[in-house]
Amino acid sequence: MQFLKLPRLLMSHVRRIHLHSQPLPLPSESTYRFDGIDDAVALFHRMVDMHPLPSIVEFTKILGMIVKMKYYATAINLYTLMEYRGVVPFTVTFNILINCFCHMGRMDFAFSVMGKILKWGCQPNVVTFTTLMKGLCVNDKMLDALYIYNEMVARRIWFDDVLYGTLINGLCKSKMGKTRAAIQLLQNMEGQLVKPNLVMYNTVVHGLCKDGHINEARVLCSKMIVQGIFPNIFTYSSLIYGLCRAGRRKEVRSLLNGYCLNNKVDEARELFNLMIERGEQHDVINYNILMNGYCLNNKVSEAKRLFHRMIERGEQPDIITYTILMHGYCLIDKVDEARKLFQGMIVRGLVPDVWSYNILIKGYCKIERVDEAVNLLKHMFLKNLVPNIITYNSLVDGLCKSGEILDAWKLVDEMHYCGQLPPNVTTYNILLESLCRIGHVDKAIAIFKHLIFERSFAPDVWSYNILISGCCKNRRMDEAMNLFNQICFKNLVPNIVTYNILLDALCNGQQLDKAIALLIYQIVDQGISPNLHTYNILINGLHKSGRPKTAQKISQYLFIRGYHPDVQTYIINELCKGGYC
DNA sequence: GTAGGGTTAG
């Protein structure tokens with residue numbers, strides 16, 4: 001009866017094989033080569049019909065190859081058939097099965113195979129646990145990884161290098177930001193038989209660089225070198241990437257008009273040059289990382305010079321190189337320059353993708369040339385490129401900023417009713433922000449409620465920030481506080497931007513003591529880091545109200561808690577000391 | 001026997 005439970009897909013294979021295939025002997029040397037999945041499935045079916053049955057090793061080999069072809073569901077179905085026909089599986093077969101479930105995101109089934117392993121009298125081994133661990137990491141269930149650890153300890157299974165590698169990679173990539181746990185793991189390995197390797201170090205170095213901890217990354221590199229493990233192209237790439245990012249603090253950029261005083265992109269360049277001088281292997285990716293660093297730090301001309309140098313040296317720019325440069329030009333509103341690069345890319349035989357179109361569309365929208373953006377959208381359709389949500393959101397934003405809010409709504413309604421690419425929270429936030437910007441806060445709040453009821457709109461903290469800011473600007477503090485309280489009811493957490501909006505409103509309303517209380521009892525107490533805006537709002541507010549001493553006290557209060565004021569606050573404080581304020 | 005990990009860019 002179990003046969004009836006086999007999926008239809010498998011049944012069709014079964015029927016086909018019985019009707020058309022002649023029994024063929026197994027390849028004698030037990031190495032298989034398949035033209036495609038059908039070929040592999042056909043052989044598997046012939047095998048389950050043989051008398052006597054081939055060994056489990058042969059079945060397992062084929063299952064392994066099917067998994068390599070990424071046909072996970074097929075492998076599971078074939079396993080079921082095999083088991084039904086009386087072939088006795090062993091640990092390796094089960095490991096393959098677990099891998100399939102992990103790839104399909106079915107961790108529950110993957111764990112249930114553990115029960116199966118024991119039922120068949122087999123023992124799980126380090127591969128079993130590594131496979132489960134990888135599945136947990138990929139499916140973002142890092143907390144359950146502890147289970148694996150406990151089970152391995154209980155069963156006295158030693159960690160090998162693959163297991164360590166899996167765990168380190170999982171920790172660095174986890175959404176919970178567990179890079180420090182990965183560093184700890186590297187340290188723990190010091191006394192073990194299994195030694196950390198270059199890839200493990202590179203994974204952690206990149207994790208640190210990605211999170212902006214460039215100095216820690218450098219320390220780790222030094223440790224690595226002491227242990228006789230030398231950096232390679234990946235290590236350099238991550239460090240250059242990290243340095244480029246370190247010089248780029250969003251709030252510093254916006255406040256200091258693009259002049260970054262703590263710019264590390266020059267250090268990134270030095271490292272890049274060093275890498276080349278040392279004769280290290282380098283490629284288009286290294287150039288792209290540095291070019292992007294220049295672009296994001298408002299040094300597009302430097303990026304362009306690097307682009308020419310790259311071509312002179314015979315390195316071929318790719319689609320990402322062009323997109324990076326186009327983005328750099330769009331950031332400084334030189335969209336025509338970006339367009340020239342776009343054309344240049346096509347002349348070189350490169351095919352623009354959705355991403356490169358999106359950069360240009362966003363660029364045109366930003367400089368309020370929405371017609372050009374719409375033309376590009378039409379181009380995309382002609383080229384059979386499918387626009388994504390970013391394409392549409394850029395257009396919606398462009399239409400709003402050009403004052404064509406009705407057209408923007410029309411587009412969003414089309415997205416909603418068409419259903420192929422429904423609007424997301426960002427789309428609606430763009431619309432809400434446009435309404436608040438032109439002072440239609442009542443309308444924004446009404447639409448906000450309507451969207452929640454009618455379109456199952458799930459607002460995020462940004463949706464609330466937009467509305468709260470709208471209320472504050474219109475001196476409607478009660479409504480702003482009401483919305484602020486709603487955030488927690490929705491299981492959302494206010495962020496530093498939410499607080500900055502409220503602080504700004506309180507300072508503007510001369511309610512400085514309330515602002516200070518908010519800083520001390522809500523922001524700092526809840527462990528939220530104040531940013532440069534927080535300092536400026538409060539320190540400026542206190543100075544403007546003639547309370548420079550309180551301003552200094554607040555600075556000190558934050559300083560001793562590890563929050564350091566930034567350049568702008570420092571300048572303001574210095575100016576005030578000199579009596580310029 | 002045979003299964004498991006791994007590093008860089010928009």
Side-chain angles (χ1 to χ4, degrees), chain A residues 30 55-65 67-68 75 89-100 102-103 110 113 117 122 124-135 137-138 148 159-173 182 194 196-210 224 229 231-242 244-245 272 275 281-293 295-296 303 317-328 330-331 341 345 352-359 362 390:
Chain A
S30 287
S55 84
I56 177 62
V57 175
E58 302 309 318
F59 283 108
T60 305
K61 278 183 190 167
I62 297 173
L63 284 179
M65 292 180 80
V67 168
K68 286 215 167 72
F90 72 126
T91 304
V92 177
T93 330
F94 290 121
N95 290 346
I96 291 173
L97 207 55
I98 291 175
N99 195 14
C100 290
C102 289
H103 276 284
V113 178
I117 292 179
C122 299
N125 58 18
V126 66
V127 179
T128 319
F129 289 108
T130 310
T131 313
L132 278 170
M133 181 78 84
K134 165 89 187 297
C137 294
V138 169
I148 306 283
F159 283 34
D160 67 4
D161 55 342
V162 180
L163 190 108
Y164 273 114
T166 310
L167 197 49
I168 288 171
N169 195 43
L171 288 168
C172 290
K173 297 226 169 85
V194 185
N197 60 29
L198 180 56
V199 178
M200 290 176 196
Y201 274 109
N202 282 347
T203 308
V204 183
V205 166
H206 185 250
L208 286 168
C209 290
K210 183 170 59 68
M224 176 179 119
I229 300 170
N232 66 357
I233 187 168
F234 292 101
T235 331
Y236 282 110
S237 291
S238 295
L239 288 173
I240 293 170
Y241 177 72
C244 289
R245 282 177 71 96
F272 179 84
M275 186 175 84
Q281 174 204 2
H282 60 282
D283 60 11
V284 61
I285 299 179
N286 297 120
Y287 280 101
N288 288 352
I289 293 170
L290 187 57
M291 245 181 255
N292 197 36
C295 287
L296 298 180
D318 61 11
I319 186 165
I320 299 179
T321 320
Y322 278 98
T323 317
I324 286 167
L325 274 178
M326 283 162 55
H327 184 218
C330 287
L331 279 176
L341 278 163
M345 171 167 76
D353 60 3
V354 178
W355 205 316
S356 42
Y357 271 99
N358 283 354
I359 296 279
K362 202 173 169 191
I390 297 173

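Below, chains carry the letters A, B, ... as their sequence lines are ordered, and counting in each starts from 1. Keep in mind the model is a prediction, meaning the values are calculated, not measured.
Taking atom CG of A/Asp283 as the reference point, atom P of B/dT7 lies 15 Å away to the nearest angstrom. Counting to the nearest Å, the P atom of B/dT7 and the CG atom of A/Asn197 are 12 Å from each other. In this structure, A/Phe129 places its CZ atom 17 Å from C1' of B/dG5, rounding to the nearest Å. What separates CE of A/Met224 from P of B/dT7 is a distance of 15 Å, to the nearest Å.
You'll find the ring centres of A/His206 and A/Tyr241 inside the 6.0 Å limit.
Using a 4.0 Å heavy-atom distance criterion, A/Lys173 is classed as a sugar-phosphate-only contact. Heavy atoms of A/Thr131 sit under 4.0 angstrom from primed sugar atoms or phosphate atoms, though from no base atom. Counting any heavy atom pair closer than 4.0 Å across all strands shown, A/Val126 reaches a base atom. Residue contacts for A/Asn125: at a heavy-atom cut-off of 4.0 Å it reaches a base atom on one of the strands shown. Within the nucleic acid shown, A/Ile98 has no heavy atom closer than 4.0 Å to any nucleic acid atom. A/Asp353 comes within 4.0 angstrom of a base, heavy atoms only. Contact annotation for A/Met200: base contact, defined as any heavy-atom pair under 4.0 Å involving a base atom. At the heavy-atom level, A/Ile285 lies under 4.0 Å from base atoms of the strands shown.
Neither OP1 nor OP2 of B/dG10 sits under 4.0 Å from any side-chain N or O of A/Asn288. OP1 or OP2 of B/dG5 sits under 4.0 Å from a side-chain N or O of A/Lys134. Remark: A/Lys68 is in phosphate contact with B/dA3, judged by side-chain N or O atoms under 4.0 Å from OP1 or OP2. Distances shorter than 4.0 Å separate none of the side-chain N or O atoms of A/His206 from OP1 or OP2 on B/dG6. For A/Asn169, a side-chain nitrogen or oxygen approaches OP1 or OP2 of B/dG6 to under 4.0 Å.
For a distance-only test at 3.5 Å, the side chain of A/Thr166 fails to qualify as a donor-acceptor partner of the base of B/dG5. Taking only distance into account, the side chain of A/Asp318 never meets the base of B/dG10 through a donor-acceptor pair shorter than 3.5 Å.
Around CD1 of A/Ile390, the count of heavy atoms belonging to other residues, nucleotides or ligands within 6.0 Å does not exceed 12.
For the pair A/Trp355 and B/dG10, the ring geometry qualifies as stacking, because the centroid separation is below 5.5 Å while the planes lie within an angle under 30°.
In plain terms, the two heavy atoms of A/Leu341 and A/Tyr322 that are nearest each other are O-CD2, 3.6 Å.
When the nucleotides B/dG4, B/dG1, B/dA9 are ranked by their closest atom to the side chain of A/Ile289, B/dA9 comes out on top. Among B/dA3, B/dG1, B/dT8, the nucleotide with an atom closest to any side-chain atom of A/Phe90 is B/dG1. Checking B/dG4, B/dT7, B/dA3 against the side-chain heavy atoms of A/Thr203 singles out B/dT7 as nearest. Listed nucleotides: B/dG10, B/dT7, B/dA3. Nearest to the side chain of A/Ile319: B/dG10.
In terms of the side chain to side chain contact (heavy atoms under 4.5 Å, CB included) criterion, residue partners of A/Ser237 (sequence neighbours excluded) are, by chain and number, A/Ile233, A/Asn286, A/Ile289.
With hydrogens and angles left out, the side-chain atoms of A/Thr323 and A/Ser356 include no donor and acceptor closer than 3.5 Å.
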